[in-house]
Student: 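Pasting in a structure now, in C-alpha cells, and then I'll have a few things to ask.
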4 protein chains.
Amino acid sequence: MNDRSTASNSRDAVYAAALEAFAEKGFHGASMRDIARRAGVVLSNLYHYADSKSDLLVELLKKANYDHLSATEWALTGADASPRHRLEAAVKAYVGYIVDHPMEALIAHSELRYLGDDDRKRLVMARDRVEALFDGIIEDGVRAGTFTTSHSRGVTRAVLTMCAGIAQWYRQDGRLSREDIAGEYADYALALVGSIHD
Amino acid sequence: MNDRSTASNSRDAVYAAALEAFAEKGFHGASMRDIARRAGVVLSNLYHYADSKSDLLVELLKKANYDHLSATEWALTGADASPRHRLEAAVKAYVGYIVDHPMEALIAHSELRYLGDDDRKRLVMARDRVEALFDGIIEDGVRAGTFTTSHSRGVTRAVLTMCAGIAQWYRQDGRLSREDIAGEYADYALALVGSIHD
Amino acid sequence: MNDRSTASNSRDAVYAAALEAFAEKGFHGASMRDIARRAGVVLSNLYHYADSKSDLLVELLKKANYDHLSATEWALTGADASPRHRLEAAVKAYVGYIVDHPMEALIAHSELRYLGDDDRKRLVMARDRVEALFDGIIEDGVRAGTFTTSHSRGVTRAVLTMCAGIAQWYRQDGRLSREDIAGEYADYALALVGSIHD
Amino acid sequence: MNDRSTASNSRDAVYAAALEAFAEKGFHGASMRDIARRAGVVLSNLYHYADSKSDLLVELLKKANYDHLSATEWALTGADASPRHRLEAAVKAYVGYIVDHPMEALIAHSELRYLGDDDRKRLVMARDRVEALFDGIIEDGVRAGTFTTSHSRGVTRAVLTMCAGIAQWYRQDGRLSREDIAGEYADYALALVGSIHD
DNA sequence: GATGAATGAGAATTCATTCAT
DNA sequence: AATGAATGAATTCTCATTCAT
C-alpha cells in the first residue's frame, strides 16, 4: 500500500499521498520526498500537479472545506423547518463528514496556519460559511424560543470545536459506529443550545 | 521586544522564545536559529539549556501539563462536595489556565505528535490524569443523579476538546474577559452533563 | 506580445524567443521553459527545432556572425579604393548591424564562452574573418601612408571592441539615430587609425 | 591550487574562489558547489560569508568598482593640470587596474546584469562615478581647446568600453607588458578626444 | 508536428548539531 | 557560559532532456 503508481491517475495518487503525509506528520514535517514516495512517483514529478508544497495543501483544503460545507448544506435541504431538527441534521452531517474523512478534517484545522496570508484568508472565509450556517440555525431557535442559550455565538464555536476534535481520536476500527458518534454529538449540541424537550 | 537577552536569566529567555516560536510556526516550522534570534542568544548557546530541539519542546510540555493539572487540582481543593460545584470549579480553573497561557495550551495539544514515542507516551499520561479528574467528577454526578448524561466518557472528552479550542482564538485584547470565558464554558459543561437545575 | 504562436512559422518564433531570452538572461540564466513560454510553444516542441539548448545558441550565433560579416563585406563592394572611405564604410556597416540587431550583437560577444570547444572555435573563426577585414583595410592605409597608427592590430581590436559595446547601451527609443551613431563611430575609427585629413 | 583551505582566511578563499568561478563560467554557470570546491570549503559553509550567491557577486563587484575608482582617482592626484596629462594618467591607471585584475574587471561588466534591481542600480552608480571622472577631464580639455572632439560624452563611453575590452583578451603571459598596454590605450584615448599635439 | 507526463541530476539554501577556543 | 566557524544531511524546487501517444 506504499505505492499508488497503479492508481488510475497519478494526480489522485499524489494528492492522496499528500493528504496522508500532512495528516500524519504535519505540513512542515512531511517532505516532498515523503509525499513522492507514498505516491509511488518520482520527486520532481510532483511539480506537474502542484506548483509548490503549499499548493498541495491549498488544493486539499479547498476541496475539504467545500465538501464539508456541501455535505452539511445538503443535509439541511432534507430537514424540516424546526430548529431542533435542523441542528440535529446539521451536526450529524458535519460529524459524518469528519468520521468519513478524518485526515481531511484534521488538516483543515491544524495545518491551515502554515499557509500564506492570501490562501489562508480565503480558506478561513470558507470555514466561516459553515459557522454562519450553524449560527443561523441556532439564532433561529433562540428567536423561536426553542433554544434557551444566551451565548449563541459562543455555543456555535463550542459545537464546531467539539466536533472538530473527533478527527483527533476517531479510528475506523473503534468501538463507536459513525451513526453512534453522529447521534451522540447531535445530543451534545442540543444540550449546549439549551434545546427545550417536548 | 524581539530580544530577551536582558531577561534576568538566559534560560528563561530561551524557553520563552521556544514557546513563542513553536506556538507561532509549529515544531517543524520553527528553527533553532529562529529560537536563538528570538531569545537574543547565539545559536550554539541553545545547547547549554537543552540537548536538542525536541528537548526544548518536551520541557515546555512537561511544565505546561503539570501546571495545567495543578491549577485544576488546586481549584478543587477549595470546592465543596457537590458535583455541580466541583465541575464548575474544575472547568473555570482549566479554562483559566488556557486563557492565561494560550501558547502553552496550544502547543500542548498540537505539537505533542512530533515527539518521540517515549516522551509522547509520558506526556499523554499526564494529560490523561486531567481527563480522569473530570471523568471522576462527572461520574460522581451521574451516580448521584445530579448529572443526567448517559455518555459520561464522551462528554468528558467533549468538554476538554471544547475548552482546548479556546487557545486557538483567544486573544488578550479581545472583548471577553478571563472570567467571562471561564463562566461561559462552565455553563457549557453543565449543559453537556445534563446538570439538573435546583 | 508574449506569445509568438501566431507567427507564420513556429521555427522562427522559437529562435526569436531564444534570442530574446539569451540576450535578457544569458545562456545559463535562460531556461528552455522560459524560451518555450516566450515562443508560445510547448516545452517539448523546442526539440523539433534544435537538438539541445546549446544548439539554439549555436544556430543564432552562426547566423548573427554570418550576417554581420556579410553586411560589412557588402558595404565594402560599393566603396572606392581609398582606405579612408573603406574604413568609414566598414565601420558604418558594422555599427549599422549592431544597431539593427542589438540582441544578436550582444549574445555574439557575451554568450560565446558557454559553447563547447568545437562550436566555439568555429564561431571564433567567423569572427576572426571580420577582424581580418578591418585589419586589411587598416594595414592598407598604413602602407599607403593615409593612416599613421603604429599599432594597427591593437587599433583594430579597439575599434571592434568599442563598436561591440554599442549593443550594451543602445535602445531603439534613444535620442541618437542609427545614422548618427554610425557616423560618430566612423569618426572614432578614423581618429584611432590616425587618418590624415586632406 | 584547487584547494585554498590553507589560506590564512577562509573568507578570502571563498571570495577568491567565487571571483574565479564567476569569471570563468559566468554568474549562472558557476554553482555554489563549484565555488565551495575551489575554495576548499564545504558547501554549506559558504553561507557563513554571504547570505546568497548574489551576495557573493555583489561584494566582489562593490570592491572591484571601489578599487577601480580609487586607483584612477589616485593617479589623478599626481598629475598636473593639463587635460592631456590628466587623461593620459587616468587611462593608464584605469587600464592598469584591468591588467592587474582582469577577472574583477571582467565580471564588473559582464555579470552586473544578473543582480537584483537594487544592487544593480547602486553598482551602476559607482560605475557612473568613474565615467564622470573621465567626462570631466575630457570636457575640461574641450573647453580649453586642447581636445577637439565634438562628441565628448560619446568619446568617454568609447574610451571606457575599449578599455573594458582588455579584460577579455589579456593574459599575463602575453607578449605585451602592463605598461605597453597602458601606454597604447592612452594614445588611443588621446586620438579619440582629438588631442592637439604640441 | 504537437502534447503532457516522466525522469534523474543538480540547483540554492537551511537544517540541527558539534567543536575548538 | 559564550562564541563563531564548521559539517553533512536534508530541504524545496528547477533543470535539460526523453518518450509514448
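Below, read A as the first sequence line, B as the second, and so on, with proteins coming before strands; counting in each chain starts at 1.
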Student: Identify all side-chain donor-acceptor contacts of residues 120-127 of chain D below 3.5 Å with residues at least two apart in sequence or on another chain.
Tutor:
| unit_1 | atom_1 | unit_2 | atom_2 | d |
| --- | --- | --- | --- | --- |
| R120(D) | NH1 | L115(D) | O | 3.2 |
| R120(D) | NH1 | D117(D) | OD1 | 3.3 |
| R120(D) | NH2 | D117(D) | OD1 | 2.8 |

Student: Taking the inter-plane angle between the rings of F27(A) and F22(A) on a 0 to 90° scale, is it parallel (under 30°), tilted (30 to 60°) or perpendicular (over 60°)?
Tutor: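 Ring orientation, 0 to 90° scale: tilted.
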
Student: Measure from CZ on R37(D) to P on dG10(E) and round the result to the nearest Å.
Tutor: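 Computing the R37(D):CZ to dG10(E):P distance gives 10 Å.
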
Student: Give one of base, sugar-phosphate or nothing for S31(C), where a contact means two heavy atoms less than 4.0 Å apart.
Tutor: sugar-phosphate

Student: Just the rounded figure in Å: distance from P of dT13(E) to CG of N45(D).
Tutor: 15 Å

Student: Take the C1' atoms of the five end pairs on each side of the helix from dA2(E)-dT21(F) to dT21(E)-dA2(F), get both axes, and report the angle to 10 degrees.
Tutor: 10°

Student: For N65(C), what residues pass the side chain to side chain donor-acceptor pair (under 3.5 Å) criterion, not counting sequence neighbours?
Tutor: none

Student: Go nucleotide by nucleotide along DNA chain E from the 5' end; which of G29(B) and S44(A) gets its closest nucleotide reached first?
Tutor: S44(A)

Student: From the 5' end of DNA chain F to its 3' end, which nucleotides mark the outer limits of contact with chain A, defined by a 4.0 Å heavy-atom distance cut-off (strictly under)?
Tutor: dT11(F) to dT14(F)

Student: Which residues in residues 50-57 of chain D have at least one heavy atom lying under 4.0 Å from any atom of DNA chain F?
Tutor: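 Those residues whose heavy atoms fall under 4.0 Å from DNA chain F, taken from residues 50-57 of chain D, amount to none.
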
Student: Taking NZ, NE, NH1 and NH2 as the nitrogens, is one of them in E24(D) or R38(D) under 4.0 Å from a carboxylate oxygen of the other?
Tutor: yes

Student: Can you tell me which residue pairs pass the side chain to side chain donor-acceptor pair (under 3.5 Å) test with a partner in residues 41-60 of chain D, sequence neighbours excluded?
Tutor: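 Side chain to side chain donor-acceptor pair (under 3.5 Å) check on residues 41-60 of chain D returns E59(D)-K62(D).
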
Student: Counting distance only, does the side-chain N/O of E104(D) pair as donor-acceptor with the main-chain N or O of A64(D) below 3.5 Å?
Tutor: no

